[in-house]
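A short write-up of the structure that comes next.
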Amino acid sequence: MEIRARGARWSCRALVTVASAALCGVLLAPTGAQAATPGPAPGPAKAPVRVSEPVYSYEGAIRESVWVDTGLDGDGDGRTDRVAVDIVRPGEPAREGRKIPVIMDASPYYSCCGRGNESQRKTYDANGDPLGFPLHYDNYFVPRGYAFVAVDLTGTNRSDGCVDVGGRYDVQSAKAVVDWLGGRAQGYASRTGGQAVRADWTTGATGMIGKSYDGTIANGVAATGVEGLKTIVPIGSISSWYDYYFAQGAPLYSSGPDWLSNYVESPEARTRCQAVQRSLVEGAPRTGDRTPLWTERDYVRDAHKVTASVFAVHGMQDLNVRTKHLGQWWDALADAGVERRIWLSQTGHVDPFDFRRATWVSTLHRWFDHYLLGYDNGVEREPMADIERAPDQWSTDRVWPPRTTTATTLRPGAGTVPGVGTLGRTQAAPGTTETFTDDRRQNEEDWAAAIDRSTPAKNGFITQPLSQDLRLSGSARVTVTATPSTTTAHLTAVLVDLGPDTIRDYGASGEGISTLTHRTCWGPSTAADSSCYLETAARTTDVDHTVFSRGWADLGTYADPGKGRPLTPGTPYTLTIDLAASDHVVPAGHRLALIVGGTDSGLIDPPSTTPTLTLDLARTEAELPLVGGAAAFRRATSGSVPPHSAPSESRPSGVAVPRPTPPIPGDRS
């Protein structure tokens, strides 16, 4: 990874050819643990790299609960809220007068929903002391001299207060714990008592980790610039809650944050938090307008405050927390010069422990050793990006997006049949149009399967078969000029790789993984807390096309992305649709397609009317992040084309129709 000084500008907007060697390493596992893939063959003798070893007792570790004062009174009961903090840490360092760092996962899911592929929950003994901690972080890292801290977000499990879905109460309930670990906040031995507890056993160096809602909170806490937070590892995480519920004004779900708050809150919190529930309803209207509620929950705007390093992981086919969250967060962190690293998989909403387990644990180990223990192990000098090119096949990039990537404008053109056009560098003649009618029953898979046919619900624009591979890396955008026939309209733009491939089946249960029946172990276990987890394998499917980037918008936001307006039928409107970040290679022999349609069924909600839209092709364009820029596109669309694999009747067209995603940014097991 290349560490750049603050002020560095490499981002999705300014995009190195793919390096061929995949990141690998050796997992230093305790007795009984499953070993990772061996590292490369040894070269010349080098000084040994310092690594934390499993020298401490896990069974004899200290397990305790502390309630940290957040300084806020979210439930309005006249006293400041305390959040429950369950801790497991090795006993030996404290007895020897040495302090240790902390790995922390702050979550609303510890009692309601569970964590990980096996939906684990916290467990306690008869006295309420913690026994079992979800996930492998405690089993693996506590013997290596780390504490693991599992925080119940405000309003959940054993904490006071109310869930406000990424707002001030959520973020402060985790930030307060970072402050307590650094000696700047007050902790107590019980939820209501006055016996103070100090975190005198820690250095105060904290790393936050978590998938989805948990990683989202890590983003939010990092965006406060809190002292002591050295690194965050957000996995499939939200960067702006508006963009979780809306796509440029188009609603993604039939409910808002009030539903999610009610879902994760403890039963007692639901009773005392009615005022917060009302504020979530009133502050997040289903019109799609941006309100102060959404501004408060936009961490991207405060990325300049981040002082922690960031190791971001995301599935490029995540249709729950969509990769727009990753792209805009990565760009903002790049602009702020934040030290960062990224893994992009072909999965949906899946933890790397369940798609690249051995390499993940090894990499995470080195990451925490460097940023929390201060070891000079070279992890910060490793390639910045690991990208899954095919199931279980990875490439690396020294910088991501690659430096040679340039935003390149491609333009649609008319074809020989209605709705099936061309995609190239030449602008269409003035007055050239195409028309489609919104069909709320169809989605991106329906459109892509019919790309070469004239169908009423979409317009498709296609390159000729490529003579060379063409790589897109980063975030794209599509600008359309459309004339609606009704007062409301939603638009979808998708990029499609047209050609046969074997991909992870992100549309099926498991979102690209299958859970197997045997277990591997990642540290010592106790009777109450096993370190052994069911293994997984890639779940794949053969396809004739792959949708690899998407964007949606309400045409009524043409003048202001934060506020929709009624449309005047017969009037043209120009709108730019942001597409989700991705990194995809369209192979030689395949074709690249841009599809513009209306409602993407199952992924956005339909408008109140059924519009017909006329696209002005001369005023419509796609700005794509092409590695090598316009020259790469010119080379890929000229020269001899390799034999093209034609679709087979026995070969499935694409993935299964994406399943409707509930508004729960967590595990979907």
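Residue indices begin at 1 and follow the sequence shown.
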message: Show, in sequence, the C-alpha distance, side-chain angles and deciding distance for S173 and D81, and conclude whether the side-chain hydrogen bond (donor to acceptor under 3.5 Å, both in side chains) test is met.
response: CA-CA 9 Å; S173 65; D81 302 325; over 6 Å; no
Using a 6.0 Å distance limit plus a 45 degree cone around the ring axis, check whether [X] lies over the aromatic ring of [Y].
{"X": "R340", "Y": "W400", "answer": "no"}
{"X": "R504", "Y": "Y506", "answer": "no"}
{"X": "R115", "Y": "Y109", "answer": "no"}

- request: Could you walk me through whether W367 and T231 pass the side-chain hydrogen bond (donor to acceptor under 3.5 Å, both in side chains) test, one step at a time?
  value: CA-CA 9 Å; W367 186 265; T231 191; 2.8 Å; yes
task: For E339 and Y371, run side-chain hydrogen bond (donor to acceptor under 3.5 Å, both in side chains): C-alpha distance rounded to whole Å, both residues' side-chain angles, the deciding distance at 0.1 Å, then the answer.
output: CA-CA 11 Å; E339 298 179 2; Y371 287 102; 3.2 Å; yes
Closer than 3.5 angstrom, by distance alone: can the side chain of [X] be matched with the main-chain N or O of [Y] as a donor-acceptor pair?
{"X": "D600", "Y": "L603", "result": "no"}
{"X": "S582", "Y": "M316", "result": "no"}
{"X": "R539", "Y": "S509", "result": "yes"}
{"X": "R356", "Y": "P352", "result": "no"}

- prompt: Which class fits the ring pair F141 and F368: parallel under 30°, tilted 30 to 60°, perpendicular over 60°?
  reply: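 The arrangement is perpendicular - the two ring planes meet at more than 60°.
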field: Aromatic plane relationship, Y137 with F148 - under 30° parallel, 30 to 60° tilted, over 60° perpendicular
entry: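 Rings of F148 and Y137: tilted, as their planes differ by 30° to 60°.
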Among [options], whose side-chain contact (heavy atoms from CB on, under 4.5 Å) with [X] holds?
{"X": "V163", "options": "N262, T154, T156, D258", "answer": "T156"}
{"X": "V83", "options": "T70, D69, N157", "answer": "T70"}
{"X": "K122", "options": "S107, P134, S111", "answer": "P134"}
{"X": "Y299", "options": "T224, V221, V306, V171", "answer": "V171"}

task: Please examine the side chains of V478 and L579, heavy atoms only from C-beta on, and report whether any two atoms are closer than 4.5 Å.
output: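 Contact flag for L579/V478 side chains = yes.
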- prompt: Given the rule in the side-chain hydrogen bond (donor to acceptor under 3.5 Å, both in side chains) test, do Q328 and S239 qualify, once you have shown the distances and angles that lead to the verdict?
  reply: CA-CA 8 Å; Q328 62 193 12; S239 60; 3.0 Å; yes
Y253-D605 side chain donor-acceptor pair, cut-off 3.5 Å: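 Distance-only check fails for Y253 and D605.
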query: Any side-chain donor paired with an acceptor under 3.5 Å for T80 and D73?
result: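 No pair is found: no donor N or O on one side chain lies under 3.5 Å from an acceptor on the other.
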field: Within 6.0 angstrom of R565 CZ, more than 12 heavy atoms from elsewhere
entry: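 Counting neighbours around CZ of R565, more than 12 heavy atoms of other residues, nucleotides or ligands fall under 6.0 Å, so yes.
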- prompt: Has R272 got more than 12 heavy atoms of other residues, nucleotides or ligands less than 6.0 Å from its CZ?
  reply: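 Check passes, neighbour count above 12.
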task: Evaluate the criterion salt bridge (Lys or Arg N to Asp or Glu O under 4.0 Å) for residue pair R477 and D578; output intermediate values, then yes/no.
output: CA-CA 5 Å; R477 59 184 186 179; D578 295 327; 5.5 Å; no
- prompt: Taking the six-membered ring for Trp, are the ring centroids of Y245 and W259 within less than 6.0 Å of each other?
  reply: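 Y245 vs W259: aromatic centres not under 6.0 Å.
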query: Under the criterion salt bridge (charged side-chain N to carboxylate O under 4.0 Å, His left out), which of R297, R322, R290 is the partner of D243?
result: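 So the option named by the test is R290.
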